[in-house]
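Worksheet for the structure shown next.
Chain naming here is simple, since letters A, B, ... match the order of the sequence lines and numbering starts at 1 in each.
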Amino acid sequence: MPELPEVETIRRELDPLITGKTFALPLLHIPSTVEYPCPDEFSRALKGRTIKNIARKGKYLLINLDRGILVVHLRMTGNLIYSDSENSRQQRFLRVTLPFTDGTVLFYSDMRRFGRLWYIADEVELNEIVLKRVGPDIYNELDCETFQQLLEKREKSRLKSLLLDQKFAAGMGNIYTDECLYRCGFHPLRRVSSLNPDETRQLYSSVRAVLEEGIKYGGTTFRDYRSASGALGDFQNKLAVYGRKGEKCFKCGNPIQKTIVAGRGTYYCPHCQANNMEETGGQ
DNA sequence: AGCACCACCTGTGGGC
DNA sequence: TGCCCACAGGTGGTGC
């Protein structure tokens with residue numbers, strides 16, 4: 001589910017709500033939600049820890065504590081909901097309850113159970129255990145020049161695969177990638193090697209623009225996503241291609257097409273994103 | 001390096 | 001109406 005704008009929306013809402021609070025003993029309704037360390041150790045370590053602030057890297061939420069870091073990845077259908085009551089009755093698919101000592105609580109719900117929690121000791125463990133295969137945050141840690149340098153190492157990649165690759169840069173997911181490529185008018189199958197310097201700058205600014213707008217509208221709620229207060233996102237009403245198969249392109253009026261690229265459903269306008277088609281073939 | 005495919009899970013919507 | 005299948009916002013592993 002959540003891509004960078006959704007996780008950032010949760011981070012911004014959650015930070016003022018829970019900074020300074022202290023965790024009581026967690027309830028692991030589905031213990032396998034905890035990736036590291038083992039469930040018992042996780043609960044023991046978290047109890048009594050006080051929240052300093054909340055950061056984010058790519059789609060990972062990093063809850064910095066007075067000792068250690070609580071890491072959350074929501075994968076497809078995870079939700080992190082803050083409530084000032086311990087009543088969990090309206091929480092569907094509740095996997096972990098994280099109560100605070102003041103009676104308020106953070107609920108982790110997740111229909112498909114793909115999401116994971118970690119408790120790790122420090123920055124070193126963070127990078128060795130959790131963020132092993134995660135590149136720089138595409139929104140906060142990449143200027144245009146560095147972006148262009150990284151592209152040089154990925155000449156053979158197709159644009160869609162590249163943007164989805166969290167090791168290249170972290171944060172883009174399926175929705176925002178399709179929206180980004182539509183904005184700059186590049187075909188999802190186009191290869192990095194076919195871009196001239198001006199086009200790589202266009203790609204970079206489209207990435208920034210689409211993420212910024214996603215954040216501005218509080219993320220995209222296709223089905224499951226909710227912010228930390230349970231609110232729906234708004235960006236689903238701004239999408240130009242994602243989920244619009246057969247509907248008219250806002251620029252040219254031709255029908256939006258759906259295909260599979262990098263194993264993911266991919267929406268694009270065959271007219272507006274038809275550039276350099278000769279570069280999309282071959283290996 | 002890059003890609004195709006499977007696995008992990010559960011629910012929903014469309015087609016028949 | 002009801003059943004079955006494809007598909008869903010993500011990532012990790014394997015094997016070519």
Side-chain angles (χ1 to χ4, degrees), chain A residues 1-10 29-36 56-61 71-80 91-96 108-118 129-135 138 150-180 188-193 210-211 214-215 217-227 232-239 241-246 258-267 279-283:
Chain A
M1 157 209 338
E3 307 179 31
L4 188 150
E6 288 74 36
V7 179
E8 178 63 16
T9 300
I10 292 171
H29 316 293
I30 305 283
S32 57
T33 306
V34 174
E35 178 78 21
Y36 181 91
R56 180 189 56 72
K57 178 144 179 172
K59 303 168 192 171
Y60 291 83
L61 203 61
V71 184
V72 181
H73 195 303
L74 306 168
R75 294 282 181 97
M76 294 285 267
T77 55
N79 278 127
L80 207 50
Q91 296 299 322
R92 236 185 139 188
F93 312 118
L94 183 61
R95 307 307 185 206
V96 175
Y108 180 72
S109 305
D110 189 348
M111 182 183 83
R112 292 177 72 180
R113 303 189 188 184
F114 289 163
R116 290 291 180 265
L117 308 183
W118 296 254
I129 296 172
V130 186
L131 303 178
K132 240 178 175 175
R133 282 155 203 175
V134 177
I138 200 164
L150 289 181
L151 282 184
E152 287 170 20
K153 299 179 197 161
R154 299 294 300 267
E155 291 279 293
K156 290 187 174 174
S157 294
R158 301 188 187 276
L159 295 183
K160 170 119 186 184
S161 308
L162 176 89
L163 293 177
L164 285 177
D165 183 351
Q166 304 297 297
K167 193 165 175 65
F168 163 70
M172 295 293 278
N174 204 31
I175 295 180
Y176 292 94
T177 295
D178 283 3
E179 292 298 311
C180 167
L189 287 175
R190 203 168 152 183
R191 290 185 192 277
V192 170
S193 55
V210 79
L211 292 175
I215 294 168
Y217 286 98
T220 304
T221 300
F222 237 77
R223 168 174 264 102
D224 307 293
Y225 169 70
R226 300 290 184 276
S227 78
L232 306 180
D234 224 2
F235 196 64
Q236 64 278 10
N237 301 311
K238 308 286 172 189
L239 298 175
V241 285
Y242 188 87
R244 296 192 65 243
K245 179 185 176 184
K258 184 184 181 189
T259 179
I260 304 286
V261 177
R264 316 293 302 278
T266 298
Y267 300 84
E279 296 290 346
T280 65
Q283 43 278 337

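Across the protein-nucleic acid pair, A:Leu163 atom CG and C:dG9 atom P stand 16 Å apart, rounded to whole Å. Whole-Å rounding puts the A:Ile260 CD1 to B:dA4 P distance at 11 Å. Taking atom CZ of A:Arg158 as the reference point, atom C1' of B:dC3 lies 9 Å away to the nearest angstrom. A:Tyr267 places its OH atom 11 Å from the C1' atom of C:dG9, with the value rounded to the nearest Å. We find that CG of A:Asp110 is positioned 13 Å from P of C:dG10, with the value rounded to whole Å. Atom pair A:Leu150:CG and B:dA1:C1' shows a separation of 15 Å (rounding to whole Å applied). Rounded to an integer number of Å, the gap from CD of A:Glu3 to P of C:dG9 is 8 Å. Following rounding to the nearest Å, A:Ile10 (CD1) and C:dG9 (P) show an atom-to-atom distance of 17 Å.
In this structure, A:Lys160 does not reach the B:dC3 phosphate: none of its side-chain N or O atoms is under 4.0 Å from OP1 or OP2. Dashed line: the shortest gap from a side-chain N or O of A:Ser161 to OP1 or OP2 of B:dG2 is not under 4.0 Å. Considering only side-chain N and O atoms, A:Thr77 lies nowhere under 4.0 angstrom from the phosphate OP1 or OP2 of B:dC9.
Stacking of A:Phe222 onto the six-membered ring of C:dG9 is not present when judged by under 5.5 angstrom between centres and under 30° between planes.
Between the A:Gln236 side chain and the A:Phe222 main chain, no donor and acceptor come within less than 3.5 Å of each other. Under the 3.5 Å distance criterion, the side-chain polar atoms of A:Asp178 are left unmatched by any main-chain donor or acceptor of A:Val241.
In the set B:dC3, B:dG2, C:dG9, the nucleotide with an atom closest to the side chain of A:Asp224 is C:dG9.
Using a 4.0 Å heavy-atom distance criterion, A:Tyr176 is classed as making no nucleic acid contact. Using a 4.0 Å heavy-atom distance criterion, A:Lys167 is classed as making no nucleic acid contact.
Look at the P atom in both C:dC4 and B:dC9: the space between them is 23 Å, to the nearest Å. Distance check on atom P: C:dA8 versus B:dC5 gives 15 Å, rounded to whole Å. Here, B:dG11 and C:dT1 have their P atoms 22 Å apart, quoted to the whole Å. Taking atom P in both B:dG14 and C:dG9, one finds a spacing of 16 Å when rounded to whole Å.
By the salt bridge (charged side-chain N to carboxylate O under 4.0 Å, His left out) test, A:Arg112 is found to be paired with no residue, residues two or more places apart in sequence or in another chain being considered. Legend: residues meeting side-chain hydrogen bond (donor to acceptor under 3.5 Å, both in side chains) with A:Tyr176, ordered by chain and number and at least two apart, are A:Glu6, A:Thr220. For A:Glu179, the salt bridge (charged side-chain N to carboxylate O under 4.0 Å, His left out) criterion is met by no residue, not counting sequence neighbours. The side-chain hydrogen bond (donor to acceptor under 3.5 Å, both in side chains) check on A:Arg56 picks up A:Glu8, A:Asp137, with sequence neighbours excluded. Taking the side-chain hydrogen bond (donor to acceptor under 3.5 Å, both in side chains) definition, one finds that A:Thr266 meets it with A:Lys160, sequence neighbours left out. Partners of A:Ser157 according to the side-chain hydrogen bond (donor to acceptor under 3.5 Å, both in side chains) rule, which considers only residues two or more places apart in sequence or in another chain, are A:Arg154. Partners of A:Lys59 under the salt bridge (charged side-chain N to carboxylate O under 4.0 Å, His left out) rule, at least two apart in sequence or in another chain, do not exist in this structure. Checked against ring pair (Phe, Tyr, Trp, His ring centres under 6.0 Å), A:Tyr60 has the following partners two or more places apart in sequence or in another chain: A:His73, A:Trp118. Under the rule for a salt bridge (charged side-chain N to carboxylate O under 4.0 Å, His left out), the partners of A:Glu35 that lie at least two apart in sequence or sit in another chain are A:Arg116.
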*Do nucleotides 10-16 of chain B as a string where each nucleotide becomes B, S or -: B if the base has a protein heavy atom under 4.0 Å, S if just the sugar-phosphate does, - if no protein is that close.*
BSSS---
_Under 4.0 Å protein heavy-atom contact, by nucleotide of nucleotides 11-16 of chain C - B base, S sugar-phosphate only_ = BSS---
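Of the listed residues (A:Ile175, A:Leu159, A:Leu211, A:Leu163), just one forms a side chain to side chain contact (heavy atoms under 4.5 Å, CB included) with A:Cys180, and that residue is A:Leu163.
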*asked:* Once pairs are restricted to Watson-Crick or G-U wobble with both distances under 3.5 Å, how does DNA chain C read as a dot-bracket string, [ ] for crossings and | for other-strand pairs?
replied: .|||||||.|||||||
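Nearest heavy atom pair, residue A:Met172 against residue A:Val210, reads CE-CG1, 4.5 Å.
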